[in-house]
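Here the structure comes first, spelled out in structure tokens, and everything after it is commentary.
Everything numeric in this text was worked out from a predicted model, so none of it was measured. Just so it is clear: chains get the letters A, B, ... in the order the sequence lines come, proteins before strands, and each one is counted from 1.
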There are 2 protein chains.
Amino acid sequence: MELSFDSYGIKKMEDRKRRAFINSLSGFKSLNLIGTKNRDGQTNLAIFNSVFHLGANPALMGFIVRPDSVDRHTLSNILETSYYTINHVNKHIYKEAHQTSARYDTSVSEFDATHLTTEYKMNFSAPFVKESVIKMGLQFKQRIDIELNGTIIIAGEIQHVHCPKQCLAEDGFLNIERAESIAGIGLDSYHTTQAIERLSYAKSDKELTPIISNYSE
Amino acid sequence: MELSFDSYGIKKMEDRKRRAFINSLSGFKSLNLIGTKNRDGQTNLAIFNSVFHLGANPALMGFIVRPDSVDRHTLSNILETSYYTINHVNKHIYKEAHQTSARYDTSVSEFDATHLTTEYKMNFSAPFVKESVIKMGLQFKQRIDIELNGTIIIAGEIQHVHCPKQCLAEDGFLNIERAESIAGIGLDSYHTTQAIERLSYAKSDKELTPIISNYSE
């Protein structure tokens, strides 16, 4: 049976229910841990389900911050220091990743609270997550304030990328499923994935064919 | 073995390879078909892997358009008419969904070219995709131009939602996996999902517990 909700039906939902419902509607979400440091050197780690691809050349990523949320340290640290890391959540660390969304005292690093391990690479100032397999260092580029609802998009440029050799296909495709990265629904649901197939570049006068990825193992 | 790429290594990648690589890095992507009509009534349908949750109250979704891409009809139709639909891609229609990314003549609707079926609901002017199980009608709210790379974010408010009753948990969580919605990597890879679990709201002084979803079937 199909349910239909109009805008009145959505508005009159109880707040927490609407929040869970609307958060499920955009489709599967990326799950990443964003690592930062403030200018006193205190580390911070927070899970985000809103990291998105903004462009490949220059290599840009965006993510969304709600200023009233527990993400506020991530935002203030990035605005203070300009540097941050994005680390894929994988199936071995999803509980620790979820736990970073708790409100901790300012003096507590989520790295310590969740037993995820800081890792420093290539003289980059922001902390990576050792247990994460695919990770990037980024430099802050632009803050975009969305007047509609007071959210903020943070756009940054990728400075370096770390990933397993056996996940990178010769054509540049990175098989994040092989790295056991996972996907999310809504605010609290965690999902592994199973590849169906890759499809060839679509043309109006040609049939689609599967792409077989070649990995140089 | 871990590979590392710095910004120079990323810049010197061949264009198509960099595009595939950077597009894989944000994590799993939502897969949606956006349905529009121009003012002459011609329908258009295009796959997007960039639809994201922007806010729950009001219920807002965003997505990203590259002005030089084949998505241009989606953008111009939304700016012309203000209304559009977002339809989840599921495992039964991913090939048709992928095929909508081909460049068709202006006179050809992607609905006709791919044999996906237009569906009109609740007097909403934009076409839904009949074969999609979870779908929304949206009203255009704001265009946000990203100076960094010329991309555009289109933000819209959800006007109505259609979903199967057996996917909606009592707490508002919508189990899009039950509706066979799928996830993507990069530009061309399609993936089904398998739930691990839902986790309770994180608190600094409590252990996480699984949430068992109750469906009123």
Item checked: Ion pair B/Lys95/A/Glu207, N-O distance below 4.0 Å ->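 Result for this pair is no, no salt bridge flagged.
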Margin query: One thing to verify: whether B/Lys17 and A/Glu170 come together as a salt bridge, which I'm taking to mean a side-chain N less than 4.0 angstrom from a carboxylate O.
Written below: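 Looking at B/Lys17 together with A/Glu170, the answer is no, because their closest N to O distance does not fall below 4.0 Å.
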When [options] are compared by non-hydrogen pairs under 4.5 Å with chain B, the top option:
| options | result |
| --- | --- |
| A/Glu197, A/Met1, A/Gln159, A/Met61 | A/Glu197 |
| A/Thr192, A/Val51, A/Asn32 | A/Thr192 |
| A/Arg19, A/His88, A/Arg16 | A/His88 |
| A/Gln142, A/Glu14, A/Gln194 | A/Gln194 |

Picking from [options], which has the most non-hydrogen pairs under 4.5 angstrom with chain A?
| options | result |
| --- | --- |
| B/Leu208, B/Ile158, B/Ile153, B/Leu60 | B/Leu208 |
| B/His162, B/Glu147, B/Lys141, B/His160 | B/His162 |
| B/Lys121, B/Lys91, B/Glu157 | B/Lys121 |
| B/Leu54, B/Asp6, B/Val108 | B/Leu54 |
| B/Ala155, B/Ser213, B/Ala195, B/Pro164 | B/Ala195 |
| B/Leu168, B/Asp188, B/Ile144 | B/Asp188 |

Margin query: Donor-acceptor check, side chain of B/Ser30 to backbone of A/Lys29, threshold 3.5 angstrom: yes or no?
Written below: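 Side chain of B/Ser30 to backbone of A/Lys29, a donor-acceptor pair under 3.5 Å: no, none is there.
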Next item on the list: Verify, without hydrogens or angle tests, whether A/Asn175 (side chain) and A/Glu177 (backbone) share a donor-acceptor contact under 3.5 angstrom.
Entry: yes
Next item on the list: Tell me whether the centres of the aromatic rings in B/Phe124 and B/Tyr83 are closer together than 6.0 Å.
Entry: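 Ring centroids of B/Phe124 and B/Tyr83 are less than 6.0 Å from each other.
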Next item on the list: Give a yes or no on whether the ring-centroid distance for B/Phe63 and B/Phe48 is below 6.0 angstrom.
Entry: yes
Item checked: Side-chain heavy atoms of A/Phe21 within contact of B/Val161, under 4.5 Å -> yes
Given heavy-atom pairs under 4.5 angstrom as the criterion, report whether the side chain, backbone, both or neither of [X] touches chain A.
| X | answer |
| --- | --- |
| B/Lys206 | backbone |
| B/Ala113 | neither |
| B/Ile211 | side chain |
| B/Ile182 | both |
| B/Ile10 | side chain |

Note to self: Would B/Arg178 pass as a cation-pi partner of B/Tyr215, given that its NZ or CZ must be under 6.0 Å from the six-membered ring centre and within 45 degrees of the axis?
What the structure shows: yes
Next item on the list: Go through the structure and list residues passing ring-ring contact (aromatic ring centres under 6.0 Å, His included) with B/Tyr104, not counting sequence neighbours.
Entry: none
Next item on the list: Go through the structure and list residues passing ring-ring contact (aromatic ring centres under 6.0 Å, His included) with A/His98, not counting sequence neighbours.
Entry: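 Partners of A/His98 under the ring-ring contact (aromatic ring centres under 6.0 Å, His included) test: A/Tyr190.
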Checklist line | Contacting region of A/Met122 [heavy-atom separation from chain B under 4.5 Å] | finding: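 Answer is side chain: those atoms of A/Met122 sit under 4.5 Å from chain B.
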Margin query: With a 4.5 angstrom heavy-atom cut-off, is it the side chain or the backbone of A/Ile134 that approaches chain B, or both, or neither?
Written below: side chain
